[in-house]
Amino acid sequence: MPTITGHLGLDRYVTDLSTDSGHALLADEPLANGGENMGPSPGELLASALTACTCITVRMYADRKGWPLQRIETLVSFERTADHVVRHLSRQIRLDGELTAEQRQRLLQVANACPVHKALTAGVPIETALAE
């Protein structure tokens, strides 16, 4: 099972994230929330996951079909409550290329079937325990 590890020391909120595949990221909170704005907030990372998954899934499908999709632009915005809970995501997808209306509609369906979209709409159970 893939793993993401986060490390936060005495820095206010700057969190070092690493994946078991060797990638590194930073997460933080904006200055207005007491952070140092050194990286995306957790809500921004959640929206980023949906954005990336949408682009990648649509590209994979169009490539497999040999469709003339030149570029995908996905914009995800989100609303969160005062206690930072993301309550609503809104996604807009721009497809550039000589695609038919039917191809565009099919790619919209494919976008709605990306793995992150499926996880978010299904409500993923989270098991939490203290490490020894």
Side-chain angles (χ1 to χ4, degrees):
M1 178 177 354
T3 303
I4 309 296
T5 303
H7 297 277
L8 174 60
L10 297 176
D11 292 331
R12 186 86 171 146
Y13 300 121
V14 179
T15 304
D16 291 306
L17 302 168
S18 60
T19 69
D20 56 5
S21 59
H23 300 283
L25 307 160
L26 278 180
D28 197 0
E29 285 292 329
L31 295 171
N33 293 343
E36 296 180 36
N37 201 36
M38 301 262 312
S41 70
E44 289 170 327
L45 289 171
L46 178 68
S48 297
L50 179 59
T51 302
C53 189
T54 300
C55 288
I56 292 167
T57 301
V58 169
R59 167 56 68 205
M60 285 179 171
Y61 188 87
D63 286 353
R64 206 168 34 247
K65 292 291 190 177
W67 291 353
L69 177 62
Q70 297 299 310
R71 184 172 182 268
I72 308 147
E73 180 178 289
T74 301
L75 173 78
V76 174
S77 56
F78 60 98
E79 294 176 17
R80 60 180 169 205
T81 61
D83 60 348
H84 304 279
V85 176
V86 174
R87 293 287 183 201
H88 179 80
L89 294 160
S90 177
R91 178 174 56 178
Q92 292 182 356
I93 304 166
R94 178 183 309 277
L95 304 172
D96 294 335
E98 298 297 320
L99 299 163
T100 67
E102 293 80 18
Q103 289 171 329
R104 289 179 179 282
Q105 284 305 305
R106 180 63 185 132
L107 291 174
L108 177 60
Q109 292 172 339
V110 167
N112 286 330
C114 86
V116 171
H117 184 164
K118 285 181 180 180
L120 289 170
T121 57
V124 178
I126 301 171
E127 180 182 318
T128 306
L130 290 173
E132 296 297 320

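Note that these values count all heavy atoms, side chains included, but never hydrogens, waters or copies made by symmetry. Note that the structure is a prediction, hence the values are computed from the model and not measured.
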Item checked: Cluster link Ile56 to Tyr61, ILVMFWY, side chain under 4.5 Å ->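 Not linked; separate clusters.
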Check: Are Leu17 and Val14 grouped together when hydrophobic residues (ILVMFWY) are joined by side-chain heavy atoms under 4.5 angstrom apart?
Finding: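 No, it is not one cluster - the side chains of Leu17 and Val14 are not joined through contacts under 4.5 Å.
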Notebook entry, point to check: Could you go step by step and tell me if Leu46 and Val116 meet the side chain to side chain contact (heavy atoms under 4.5 Å, CB included) rule?
Noted result: CA-CA 9 Å; Leu46 178 68; Val116 171; 5.8 Å; no
Report the distance from atom [atom1] of [X] to atom [atom2] of [Y], rounding to the nearest 0.5 Å.
{"X": "Glu102", "Y": "Trp67", "atom1": "CD", "atom2": "CH2", "result": "9.5 Å"}
{"X": "Leu108", "Y": "Ile93", "atom1": "CG", "atom2": "CD1", "result": "6.0 Å"}
{"X": "His23", "Y": "Ile4", "atom1": "NE2", "atom2": "CD1", "result": "9.0 Å"}
{"X": "Leu31", "Y": "Arg12", "atom1": "CG", "atom2": "CZ", "result": "11.5 Å"}
{"X": "Thr57", "Y": "Leu107", "atom1": "OG1", "atom2": "CG", "result": "11.0 Å"}
{"X": "Thr74", "Y": "Leu50", "atom1": "OG1", "atom2": "CG", "result": "8.0 Å"}

For [X] and [Y], which heavy atoms make the closest approach, and how far apart are they?
{"X": "Gly6", "Y": "Thr15", "answer": "CA-CG2, 4.2 Å"}
{"X": "Asn37", "Y": "Pro30", "answer": "OD1-CA, 4.0 Å"}
{"X": "Asp28", "Y": "Glu36", "answer": "OD2-N, 2.9 Å"}
{"X": "Ala113", "Y": "Lys118", "answer": "O-CE, 3.2 Å"}
{"X": "His117", "Y": "Asn112", "answer": "CE1-OD1, 3.0 Å"}
{"X": "Leu89", "Y": "Phe78", "answer": "CD2-CB, 3.5 Å"}

Checklist line | Atom CD of Gln109: over 12 foreign heavy atoms under 6.0 Å | finding: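 Atom CD in Gln109 is crowded, with more than 12 foreign heavy atoms closer than 6.0 Å.
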Item checked: Pair Gln103, Arg106: side-chain N/O donor-acceptor within cut-off below 3.5 Å ->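 No pair is found: no donor N or O on one side chain lies under 3.5 Å from an acceptor on the other.
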Notebook entry, point to check: Looking just at side-chain N and O atoms, do Arg91 and Thr54 make a donor-acceptor pair shorter than 3.5 Å?
Noted result: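 The answer is yes; a qualifying pair exists.
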Item checked: salt bridge (charged side-chain N to carboxylate O under 4.0 Å, His left out): pairs with one or both residues in residues 44-72, sequence neighbours excluded ->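 Only Arg59-Asp63, Arg71-Glu73, Arg71-Asp96 qualify under salt bridge (charged side-chain N to carboxylate O under 4.0 Å, His left out).
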Item checked: Stepwise side chain to side chain contact (heavy atoms under 4.5 Å, CB included) check, Cys55 with Met60 -> CA-CA 9 Å; Cys55 288; Met60 285 179 171; over 6 Å; no
Next item on the list: Output, in order, the C-alpha distance, side-chain angles, deciding distance and verdict of side chain to side chain contact (heavy atoms under 4.5 Å, CB included) for Thr19 and Thr3.
Entry: CA-CA 6 Å; Thr19 69; Thr3 303; over 6 Å; no
Check: Is there a side-chain contact between Ser90 and Val76, using heavy atoms and a 4.5 Å cut-off?
Finding: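 They are not in side-chain contact.
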